[in-house]
4 protein chains.
Amino acid sequence: MKSAERRAQVLAIAAAVFAEKGYHAAKVDDIVQRARIARGTFYLYFEDKHALFGELIDGLLGRLRTAIRRIDVAAPEPVIEQLRANVRRVVALLFEERALTKIMVSDAVGLDPGFDDKLLSFYGQVRSVLEGSLSEGQRLGLVQPCSPQLAATAVIGSVKEIVYQSIFGRLQVGVEEVVDSLFACYGQSLLR
Amino acid sequence: MKSAERRAQVLAIAAAVFAEKGYHAAKVDDIVQRARIARGTFYLYFEDKHALFGELIDGLLGRLRTAIRRIDVAAPEPVIEQLRANVRRVVALLFEERALTKIMVSDAVGLDPGFDDKLLSFYGQVRSVLEGSLSEGQRLGLVQPCSPQLAATAVIGSVKEIVYQSIFGRLQVGVEEVVDSLFACYGQSLLR
Amino acid sequence: MKSAERRAQVLAIAAAVFAEKGYHAAKVDDIVQRARIARGTFYLYFEDKHALFGELIDGLLGRLRTAIRRIDVAAPEPVIEQLRANVRRVVALLFEERALTKIMVSDAVGLDPGFDDKLLSFYGQVRSVLEGSLSEGQRLGLVQPCSPQLAATAVIGSVKEIVYQSIFGRLQVGVEEVVDSLFACYGQSLLR
Amino acid sequence: MKSAERRAQVLAIAAAVFAEKGYHAAKVDDIVQRARIARGTFYLYFEDKHALFGELIDGLLGRLRTAIRRIDVAAPEPVIEQLRANVRRVVALLFEERALTKIMVSDAVGLDPGFDDKLLSFYGQVRSVLEGSLSEGQRLGLVQPCSPQLAATAVIGSVKEIVYQSIFGRLQVGVEEVVDSLFACYGQSLLR
DNA sequence: TATGAATGAGCTTTCATTCAT
DNA sequence: AATGAATGAAAGCTCATTCAT
């Protein structure tokens, strides 16, 4: 148990270091020094730097997957509320895990074909959920006729950019504000 | 003049190599070998690898800035058409310059505080243009009441994600399709 | 303790390599190959080639400073004997440390403003000691009237040249012979 | 003739650059830029950087050799005055050619076995002249009994050090002062 | 389980020299 | 004679990883 804790601690420290310096600038030394472990110990816990990074990304993607629940049109809760809850959970998680979010959007992209696949596959899954909901919504006459694929992609992009700007840029917003704004934008039409 | 051509050629080859392998995995050797120049010649044309990369990014950002024109509400052309033309030019440029686009979204982010600033500043400018148009639109009753800042960010994110997915992912779309879809999404309301 | 020994060993080997090839011609590779360590190990022990060289020079200058003791006119031992002991210790040290002496006179000069300062400052200190003794000697009527500054410089030069010639050149002399000759030259005029 | 002038000019500029930066830090580029010639032109005039440097050193050594004249005991001018004239000419030349002097004492030493031989052979010649004079002086009872070889070396070292200190260090002296001081130091003991 | 000294492949960059014009 | 773009060998240094203790 002690070992698992230590591992988790190193993982958290590594996330912070990666977020601070970026994957390449973050040296294994930086991590072990901050974690107060020996260099060799690092390799006792992790295959290598790359694998540790992968674990961080996988962890975040897993938690994001958990946060996103398939919309159930038959459920008592209205579809739009289910969607809103999904978005809220995702945004809340990303805002909570700033370090992991940062490395996901700025370091994992283009680092490696493997990571690109991982991310693309994740975004594909999310898009598939959204596309399903939108198609269903169109079938029920709740959603405007348009390409569900592109619309889903656009929504994902909106969330990513708002999160990205609030982490890197000067955008100062809270979770509720983001969710409300997204639904204000998409919910009634930006341009009438 | 021959020299300028050679320089441009190396620049183009470097863009391709960076797009293929990523900034860090792309070695100066890869570039010079493909360009069929000696390693020393590379440093005759460019300060170093970093500076060459910066030139590529600056070039694309410059062309993007040129593609984005401030919306003129007093012009005879409808505001929405001006907006559409902006989006079309941007998307067309990004689709045309796939290699540069790829390195901008996947390598320039988090590479360096300098590059992050560069990108953030660019996105800030674009957002400012969009925000202005949205605010003006709201004043004229053409745009739904919502945070212009977040809405603008959302729109930028939509464009980025669609472009990103069509370059990295499996999204197979053309320029017109993207523009139409964006306006279908935002133009009449995604959810009724 | 093992590590300190290894470090000292590398230092000694480096001194020999520098003496043999000169600072610039001596490659880090030459040193590590002779020391039978990996290239990376070198940088574990020393900041870089320059710093290692600096350490060698500092070490010799330090030992030379220790060898030179301020003349005490009030001491029971005659001033001239104190002076002779100083010269003997210096010459003996330089003869003993041929490699270090060689790099000090042939590589450290003009290598770097920092090294020039270091050497100049050392020679300045030695000259100051000698000047003091000469001035005191003149006050006591033991030394011929002449510029103590130039005389001190001349004496230093004599020692340097004799050592230099006996290391580089064909001058085959021993410590005692050098000391005796110096005092034979200077002993009846400079010192009355 | 134009070409010879140009060559001489490049030579002079190179001397200045070498004196300023040292042999290794002085790049061929620095020289050609200051001389306002193309890089290729440099190699039209000189074999290479090393040969140019050699020419500078050879030139100074040649002029020094000219300045040093063999003492003629049979001449009407007293031996001591002949010696003094020699020293005066040498010191005057070195003070006049500070750049060349600097590179001779700080760059040529230990640069190359070839240069070391060159310098050693020069100093050997000078020493031989001095030794001859001192031996002759001893035979005539004009000079104290001591090792002519070591005495000659000491005198050479004195001159070198004074010149070195007045170029690199803070020693501010004129030619006459140097000559006078040297003869004050050596003049009453070495020379009876 | 933990350590940290040792490793060495591999990188970017420099610069004296060449050679087609 | 003059040019300067091109060359490429060679150097210093880094850092992820290994392994003897």
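Here the structure is a predicted model, which means the values were calculated and not measured.
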How many Å lie between [atom1] on [X] and [atom2] on [N], as a whole number?
| X | N | atom1 | atom2 | answer |
| --- | --- | --- | --- | --- |
| D:R36 | F:dA2 | CZ | P | 16 Å |
| B:R39 | F:dG8 | CZ | P | 10 Å |
| A:L44 | F:dT18 | CG | P | 12 Å |
| B:L52 | E:dT13 | CG | P | 11 Å |
| D:H50 | E:dA16 | NE2 | P | 13 Å |
| D:F46 | E:dT18 | CZ | C1' | 18 Å |
| C:H24 | F:dG12 | NE2 | P | 10 Å |
| C:I31 | F:dG12 | CD1 | C1' | 12 Å |

**Residue whose nearest DNA chain E nucleotide is more 5′ - B:D29 or C:G40** = C:G40
**Item:** 5' precedence on DNA chain F between A:E47 and B:I37 (nearest-nucleotide basis)
**Value:** B:I37
**Complete:** Walking DNA chain F from its 5' end, the first of D:A38 and C:F42 to be reached, judged by nearest nucleotide, is D:A38
**Prompt:** Sub-3.5 Å donor-acceptor pair from the side chain of A:K27 to the main-chain atoms of A:H24, do we have one?
**Reply:** yes
**Identity of whatever pairs with F:dA20 - Watson-Crick or G-U, under 3.5 angstrom** = E:dT3
**Message:** When both hydrogen-bonding distances must be under 3.5 Å and the geometry is Watson-Crick or G-U wobble, what is E:dT14 paired with, if anything?
**Reply:** F:dA9
Are any of [X]'s side-chain N or O atoms less than 4.0 Å away from OP1 or OP2 of [N]?
| X | N | answer |
| --- | --- | --- |
| B:Y45 | F:dA5 | no |
| D:Y43 | F:dT3 | no |
| C:T41 | E:dA5 | no |

**Asked** How is A:D48 classified with respect to the nucleic acid when contacts are heavy atoms under 4.0 Å: base, sugar-phosphate, or nothing?
**Response** sugar-phosphate
**Item:** pair C:H50-C:F115: side-chain heavy atoms closer than 4.5 Å
**Value:** yes
**Request:** Identify the two heavy atoms, one from C:I57 and one from C:M104, that lie closest to each other, and give their separation to 0.1 Å.
**Result:** CD1-CA, 3.8 Å
**Prompt:** Which atom pair, heavy atoms only, marks the closest approach of C:V10 to C:I31?
**Reply:** CG1-CG2, 4.3 Å
**Asked** Aromatic rings B:F18 and B:Y23: how do their planes relate, parallel, tilted or perpendicular, breaks at 30° and 60°?
**Response** parallel
**Message:** Let's see if you can work this out: which of E:dA16, F:dG12, F:dT17 has an atom nearest to the side-chain heavy atoms of C:K49?
**Reply:** F:dG12
